[in-house]
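Note that the structure is a prediction, hence the values are computed from the model and not measured. Scope of the values below: all heavy atoms of this structure, side chains included, with no hydrogens, waters or symmetry mates. Naming: A, B, ... by sequence-line order, numbering from 1 per chain.
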There are 2 protein chains.
Amino acid sequence: MKGDSRLSRMLHVLLHLGEQQGPVTSELMARMLNTHPVVVRRTMAGLREKGLVRAERGHGGGWSLARSLDRISLLDVYHAIDEPPVFALGMAEDEPRCLVEQAVNAALESELREARDKLLKRFGEITLAALAEDFERRMRRAARKSQHGGGCGAA
Amino acid sequence: MKGDSRLSRMLHVLLHLGEQQGPVTSELMARMLNTHPVVVRRTMAGLREKGLVRAERGHGGGWSLARSLDRISLLDVYHAIDEPPVFALGMAEDEPRCLVEQAVNAALESELREARDKLLKRFGEITLAALAEDFERRMRRAARKSQHGGGCGAA
DNA sequence: ACTTATGCAACATTTGCAGTTACCAATTGC
DNA sequence: GCAATTGGTAACTGCAAATGTTGCATAAGT
């Protein structure tokens, strides 16, 4: 595996939710993401708890946005998926007795914390509406070259 | 495990190498790192190939620095362990057909690339000698409070 | 020769995300 | 009421990467 793709996937389906109006089923989302409905529900559960989306059960049910895309930032989504580790790099021990290792940890933790803080700050400044705009640009550019619409194969 | 600890571990043992003069065996290093000699050899192999350390075989052999600590940066060590992934976050697909996903990937990749570049730039500015200085400070501070020396349990 | 080391391949273990199955709960339509 | 649809959740499997472990070959000192 190349990493935790939950953030990437949730951004993807949220943008699709922003396009379609009316609820979208986990089944359809799963086809968009090339995965399985249970994976969708599992990950979307966090977004529901944070109030980013709503889920309706039963006939005609599915997922819909609880806020407009310009009120959702990448940081909101990151929080909603439970803030998984940003870095693959880690310390050998968390509270080492060895003073050498303490010095190493202090330096690494300081750099990683700063990098993480800056990254999350940037995430906080980017809304899903901005990503949707970029998508529209790509749509228009693609439409000029070929003739088909630009959605997912599943959409 | 909380992440890839190879960078952390290599920094740790390199600082110990800087303290002791004369070769240190993988056996002893393994005790410093609470691991096994083969893990040490496996990871140190990269540093050897990059010319950061030397390994001598046979009686009285072991590992020693090929450069002084002020000529080794965190970035050098990162390169030497083969540049493992910095982030735990990744994309669902590398070359998606869906234009929505392309927009998501473009935004995420751009932010992650920038964060990585900045982090590695910082790594390039930090030498192991700087970490060793911080260790010395911790040593003196600990010596003032208690009576024992400040090395590893294994050292 | 014997002992001490590294070098290296092969295999087992662990950890976390992803995939899958199964069953329950809620809601709609007949 | 009953069947069909859809989310909620637990439990299990699959998989990839770092780590742990064993075994054996190679090199160097005594």
*Within this structure, what is the CD-to-C1' distance between A:Glu27 and D:dG7, rounded to whole angstrom?*
12 Å
*asked:* Please pick, from D:dT22, C:dG7, D:dG20, the nucleotide with the shortest atom-to-atom distance to any side-chain atom of B:Val39.
replied: D:dG20
*Residue A:His59, side-chain heavy atoms: nucleotide from D:dT22, C:dA18, D:dA4 that is nearest*: D:dA4
*Let me know the distance between CG of A:Asn34 and P of C:dC17, rounded to the nearest Å.*
21 Å
*Which distance, rounded to the nearest 0.5 Å, do you find between the CZ of B:Arg116 and the NZ of B:Lys121?*
15.0 Å
*Using heavy atoms to find the nearest nucleotide of DNA chain C for A:Thr35 and A:Gly60 separately, return the residue whose nucleotide is more 5′.*
A:Thr35
*Would you kindly give the CE-to-C1' distance between B:Met29 and C:dA5, to the nearest whole Å?*
13 Å
_D:dT6, OP1 or OP2 - any side-chain N/O from A:Ser26 closer than 4.0 Å?_
no
*Which part of the nucleic acid, if any, lies within contact of B:Arg54, taking any heavy atom under 4.0 Å across all strands shown: a base, the sugar-phosphate backbone alone, or nothing?*
nothing
*Taking NZ, NE, NH1 and NH2 as the nitrogens, is one of them in B:Asp134 or B:Arg138 under 4.0 Å from a carboxylate oxygen of the other?*
yes
*Nearest whole angstrom, please: distance from the C1' of D:dA18 to the CD of B:Glu83.*
18 Å
*Would you kindly give the CD-to-C1' distance between B:Glu93 and C:dA18, to the nearest whole Å?*
14 Å
*Would one find a side-chain N or O of B:Thr25 under 4.0 angstrom from OP1 or OP2 of C:dA5?*
no
*May I have the distance from A:Leu28 (atom CG) to D:dT5 (atom P), rounded to whole angstrom?*
16 Å
_Of A:Gly58 and A:Val38, the one whose closest DNA chain D nucleotide lies more 5'_ = A:Gly58
*asked:* Given D:dA18, C:dT6, C:dT21, identify the nucleotide with an atom nearest to the side chain of B:Asp4.
replied: D:dA18
*Would you indicate what A:Arg42 reaches in the nucleic acid, counting non-hydrogen atoms under 4.0 angstrom: base, sugar-phosphate, or nothing?*
base
*Candidates C:dT28, D:dT19, C:dG7 - which lies nearest the side chain of B:Trp63*: C:dG7
*Report the distance from atom CG of B:Leu14 to atom CE of B:Met29, rounding to the nearest 0.5 Å.*
7.0 Å
*Nearest of C:dT21, D:dT19, C:dT4 to any side-chain atom of B:Arg6?*
D:dT19
*Expressed in angstrom and rounded to an integer, what is the separation of A:Leu17 atom CG from D:dG7 atom P?*
11 Å
*Just by modelled atom types, is the A:Asp76 backbone N or O under 3.5 Å from a matching donor or acceptor in the A:Ser73 side chain?*
yes
*Inter-residue atom distance B:Glu133.CD - B:Leu128.CG, 0.5 Å rounding*: 12.0 Å
*Rounded to the nearest Å, what distance is computed from the CZ atom of residue A:Arg41 to the P atom of nucleotide D:dT5?*
14 Å
_Upstream residue (5' side of DNA chain C) when B:Arg57 and A:Thr43 are each assigned their closest nucleotide_ = B:Arg57
*Could you pick out which residue, B:Pro84 or A:Gly62, lies toward the 5' side of DNA chain D when each is mapped onto its nearest nucleotide?*
A:Gly62
*State whether a side-chain donor-acceptor pair under 3.5 Å links B:Glu83 with B:His79.*
yes
